[in-house]
Amino acid sequence: MDPECSRLLPALCAVLVDPRQPVADDTCLEKLLDWFKTVTEAGPSLLLLQENPCLVELLFRVLKAHDPHPRVLSFSLRLAGLFAAQEDCFQYLQQGELLPMLFGEAGPLGGAAWTAPTVRSGWLQGLRSLAQHPSALLFLADCGAVDTIFSLQGDSSLFVASAAGQLLVHILALAMQSPAEGHPSPQGCDWPACAQKIVCHVEDSLHSTATPQVTQALNVLTTTFGHCHGPWTQGLWVRLSPLVACLLEKDPIPASHSLMDLLLSVARSPVGSSDCGLWETLAQTLSHLSPIQAGPLALGILKLQDCPQALKTQAFGVLLQPLACVLKAAAQSPGPPGFPEGATGDSMTVDTFLSSKSACVGLLCQALAHLELLQLLPQRPSPWPQAPLLRAAVAILRFCNGSAAPTSDVGGHLCAVLAGCVRVQRAALDFLGTLSQGTGPQELVTQVFAVLLEYLTSPDSSPTVLKKAFQATLRWLLGSPKAPSCCDLDPHTQLFLRELLPVLRKRLCSPCWEARDSGLEFLTQVTRHWGGQAAFRHALLASEVPELTRQLLRDPESYVRASAVTATGQLSSWGLYTTPTSPEHPEVQQESLFTELLHILSTDSEGFPRRAVMQVFTQWLKDGHADVAEDLEQFVARVLQVASRDLDWEVRAQGLELALVFLEQLLGHPGSRCPYAVALPEAAAPATLAQVLQALCRVQLFEFALRALFDCDRPVAQKSCDLLLFLRAKATPCGGPQEAGASPDVVSVEAALQRWQAGEQGQPLGELEPEAVMAVLRSMDLEGLRGTLAKSSDHIEKSPQSLLQDLLASVGVLGENEADCY
């Protein structure tokens with residue numbers, strides 16, 4: 001331990017036990033515990049206590065206090081546990097009977113402080129730290145702590161109850177791996193007494209008629225099989241599995257969620273691969289649970305790596321049953337829905353649909369979410385029923401928007417229950433979007449596009465549903481096949497595009513800002529992927545969408561303006577941004593867009609549009625946009641001039657990103673993104689480098705980067721440091737005039753940098769000579785600055801010494817100038 005910290009410890013311990021002093025808050029005490037944990041892990045705890053006797057005195061004084069503060073008592077329990085985790089220190093504390101007084105029946109258990117959850121939690125956490133060696137097991141048995149842990153499983157505080165269950169698992173694992181016990185047999189006949197006691201308690205709980213006790217037992221077993229993989233777990237399951245199976249015979253099944261968690265935990269453990277009876281229990285559980293309960297278990301079974309095919313088929317059928325019911329209710333003529341055997345909607349599923357709106361909606365949303373997850377897994381069932389799933393998703397969406405024509409009582413009920421249900425609409429659209437990764441008959445794909453168009457057109461679509469509909473539409477469009485004879489879009493997609501663009505135009509004029517925003521995001525994405533497709537270009541240019549997009553640059557909502565900036569930038573990159581121009585001046589079009597975006601960067605009151613402009617300009621520079629290529633230096637200079645004055649640090653950081661792209665292009669290494677790669681690209685030739693430096697001076701990149709080096713926002717300073725280090729690394733191999741270090745310009749630059757570092761940012765650098773700038777860069781400790789910037793802003797204040805000083809200063813123990821408050 002640091003000597004200064006040792007000097008401060010006695011005063012701190014005195015403060016903690018003084019009832020007249022305000023108690024430190026939980027955050028400070030947690031930091032203290034973290035520090036003590038680090039100290040005990042780094043060296044012997046016994047030596048720590050011998051060198052700092054005030055720590056043991058603290059524990060004794062807390063125990064003797066008439067009414068200790070719950071936070072201080074909890075802190076002391078946890079601190080004692082940290083010290084006692086090492087066996088020699090455990091024995092040292094035992095000599096003074098300190099541990100029994102803290103954790104035994106004579107301790108806080110019978111006091112008024114025990115009513116505070118923080119004390120009970122501290123007691124459990126202290127025992128959890130302490131239970132690391134065989135001596136701890138004997139102590140737990142002698143002091144009766146295990147019985148107290150049993151009772152805390154049902155604590156009113158969920159945190160305390162959870163900690164009690166986890167501690168039981170930890171003690172059981174410690175007992176079974178204890179060297180003093182040798183290698184216990186898997187059967188359990190020679191298990192340690194502590195382990196036997198815990199297992200017997202679990203058995204009694206499983207026999208109980210009270211659901212909370214059954215839940216506690218199942219949770220302990222779930223954690224055990226999830227974290228313990230020794231041979232003894234096989235014997236534990238053999239002993240307890242009959243009791244677990246008996247739970248399935250009860251109606252209703254108690255603690256069904258905990259039971260499912262346990263069975264899946266066992267199936268994922270080494271026990272699962274050697275117990276055939278487990279698969280039968282899982283199959284029985286699936287058949288006994290209600291549809292809403294069986295869904296999570298079915299998904300868990302299908303995620304297992306090694307599982308009998310018959311069980312997987314049964315589990316898949318459980319997930320498909322709700323959609324099979326939907327297809328049956330929507331069918332115009334009788335016939336199979338096309339799902340695998342066992343997936344037909346059974347009476348329990350139909351009853352759930354008819355029981356209540358909440359049950360129907362919950363079952364459908366759960367089934368759709370589970371199937372969406374399953375679709376993305378490599379172990380999904382094969383063959384995958386793509387066509388019936390598409391039909392089901394379309395049918396659900398039609399039930400929701402009222403366009404379905406039901407022919408049965410169940411169908412009529414679904415129409416009434418699902419009409420306008422936003423929750424089901426969102427789930428169905430997400431699932432439909434996921435299904436775009438597969439293929440389907442053209443007739444079904446046409447139905448998919450038709451129902452998506454209905455949702456995009458309908459005025460009843462809520463903003464969230466509309467956003468989901470745009471996202472699903474994009475996924476289906478991007479997954480559509482190309483025409484066989486060329487690289488253009490197929491005729492069906494072209495037809496849908498002609499129907500979609502008028503709808504998009506309408507949404508861009510919507511009074512709802514979320515609708516306008518979703519439409520712009522869709523336009524940006526589809527243009528990014530299809531900007532080069534002739535059919536898309538023709539259809540888009542024939543619509544009014546580009547003109548409307550430009551008008552939205554002046555939208556009253558900042559989110560919409562930002563999305564419009566991104567969309568216009570993308571349209572312009574593909575030559576799809578059109579503005580009215582005169583025949584005499586056709587070049588005004590691109591200049592107009594650049595000027596308008598620059599105006600937004602200069603004047604918009606919100607940060608989102610300005611950040612979007614900087615991202616567009618950076619992308620234009622990377623892509624070699626035509627407007628940028630006309631006068632590259634003027635483009636960069638104007639953008640950096642505006643970005644340098646922006647109050648938003650993200651805009652300034654993006655300006656440095658643009659500057660780095662510009663620098664890389666000048667050096668001829670547009671792909672080099674890492675300034676600190678092991679093998680830097682070869683430096684440019686001296687003549688070329690001189691031209692590069694002149695160009696950097698002309699666009700005032702040096703002034704922008706050097707000013708940003710002292711930015712009050714650390715990410716900006718870090719980016720500037722990266723940029724200047726990259727430039728210096730490129731220029732150093734080429735050398736430079738040695739006499740540049742004596743140039744008067746160097747003195748003026750260094751003086752300006754000192755003023756900027758002091759916070760006087762007003763004065764510009766003026767005309768710069770490349771040699772002078774490079775001489776300044778070589779003289780600066782940029783590596784040291786990078787290391788300083790990499791540290792957190794409170795790295796000094798986070799030190800243990802600072803923490804102790806702050807705690808003491810808060811109660812006036814230290815003088816006015818001794819605290820390191822932050």
Side-chain angles (χ1 to χ4, degrees), residues 1-17 24-62 71-96 98-99 102-103 121-137 139 163 166-167 170-171 173-174 177-179 227 787-788 790-808 814 819-820 822:
M1 181 183 293
D2 181 79
E4 180 61 21
C5 292
S6 293
R7 185 184 70 81
L8 295 171
L9 265 182
L12 176 66
C13 293
V15 166
L16 289 176
V17 297
D25 61 40
D26 289 332
T27 303
C28 290
L29 294 178
E30 285 292 337
K31 289 181 178 179
L32 269 179
L33 286 169
D34 290 341
W35 172 55
F36 277 117
K37 184 178 180 182
T38 303
V39 173
T40 55
E41 289 175 348
S45 300
L46 180 57
L47 180 62
L48 176 66
L49 294 185
Q50 290 171 341
E51 292 179 346
N52 300 276
C54 61
L55 293 172
V56 177
E57 183 183 352
L58 165 68
L59 300 178
F60 274 113
R61 291 183 63 183
V62 168
R71 282 205 296 261
V72 175
L73 181 54
S74 176
F75 169 80
S76 302
L77 290 165
R78 294 173 64 185
L79 184 63
L82 286 176
F83 294 147
Q86 296 180 16
E87 196 159 8
D88 55 349
C89 192
F90 174 89
Q91 301 295 347
Y92 175 76
L93 294 174
Q94 274 286 70
Q95 293 172 6
L98 181 59
L99 293 180
L102 283 169
F103 297 103
S121 176
W123 187 85
L124 289 167
Q125 292 180 70
L127 284 180
R128 175 66 175 80
S129 300
L130 177 150
Q132 304 294 334
H133 41 75
S135 299
L137 288 175
F139 169 73
Q166 293 174 16
L167 179 55
H170 177 74
I171 295 172
L174 178 65
Q177 69 184 17
S178 175
H227 294 84
T788 301
K791 297 177 182 177
S792 62
S793 57
D794 62 343
H795 67 278
I796 297 176
E797 290 80 4
K798 287 173 68 175
S799 66
Q801 179 181 338
S802 173
L803 176 62
L804 297 177
Q805 288 174 339
D806 289 344
L807 285 169
L808 293 172
L814 291 182
D820 184 17
Y822 49 94

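Just so you know, these numbers come straight off a predicted model, no measurement behind them. Positions are given from 1, in the same order as the sequence printed here. Because only heavy atoms are used, hydrogens play no part in the values below, and waters and symmetry mates are left out as well, while side chains stay in.
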Apply side-chain contact (heavy atoms from CB on, under 4.5 Å) to Leu82 and Arg78, showing your working.
CA-CA 6 Å; Leu82 286 176; Arg78 294 173 64 185; 5.8 Å; no
Run the numbers on Leu46 and Gln86 for side-chain contact (heavy atoms from CB on, under 4.5 Å), then give the verdict.
CA-CA 8 Å; Leu46 180 57; Gln86 296 180 16; 6.0 Å; no
One pair to check against side-chain contact (heavy atoms from CB on, under 4.5 Å): Leu59 and Leu55. What are the steps and the verdict?
CA-CA 7 Å; Leu59 300 178; Leu55 293 172; over 6 Å; no
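Look at Glu30 and Lys37 and you find no salt bridge, because none of the NZ, NE, NH1 or NH2 atoms lies under 4.0 Å from a carboxylate O.
In terms of heavy atoms, Leu79 sits closest to Leu58 at CD2-CD2, 4.2 Å. In plain terms, the two heavy atoms of Phe36 and Leu9 that are nearest each other are CZ-CD2, 4.0 Å. Across Cys28 and Leu803, no two heavy atoms sit closer than the pair O-CD2, 4.3 Å. Across all their heavy atoms, Ser76 and Val62 have their closest contact at OG-CG2, 3.4 Å. Annotation for Gln801 and Asp2: closest pair OE1-OD2, 4.1 Å, computed over non-hydrogen atoms. Shortest non-hydrogen contact noted between Leu102 and Ala80 is CD1-CB, 3.4 Å.
Taking CG of Leu99 as the start and CG of Leu93 as the end, the distance is 5.0 Å to the nearest 0.5 Å. Between Phe83 atom CZ and Asp88 atom CG the span is 13.0 Å, to the nearest 0.5 Å. Between the OH atom of Tyr92 and the CG atom of Leu49 there is a distance of 6.5 Å, given to the nearest 0.5 Å. One finds the CD atom of Gln50 at 8.5 Å from the SG atom of Cys89 (value rounded to the nearest 0.5 Å). For the atom pair Phe75 CZ and Leu32 CG, the distance stands at 5.0 Å (nearest 0.5 Å).
Between the side chain of Gln125 and the main chain of Ala163, no donor-acceptor pair closer than 3.5 Å is present.
Here the rule is side-chain contact (heavy atoms from CB on, under 4.5 Å) with Ser6, and of Asn52, Leu48, Leu804 only Asn52 fits it.
Considering only residues two or more places apart in sequence or on other chains, Ser135 meets the side chain to side chain contact (heavy atoms under 4.5 Å, CB included) condition with Glu87, Phe90, Gln91, His133. With sequence neighbours left out, Gln132 forms a side chain to side chain contact (heavy atoms under 4.5 Å, CB included) with Ala85, Arg128, His170. Taking the salt bridge (Lys or Arg N to Asp or Glu O under 4.0 Å) definition, one finds that Glu51 meets it with nothing, sequence neighbours left out.
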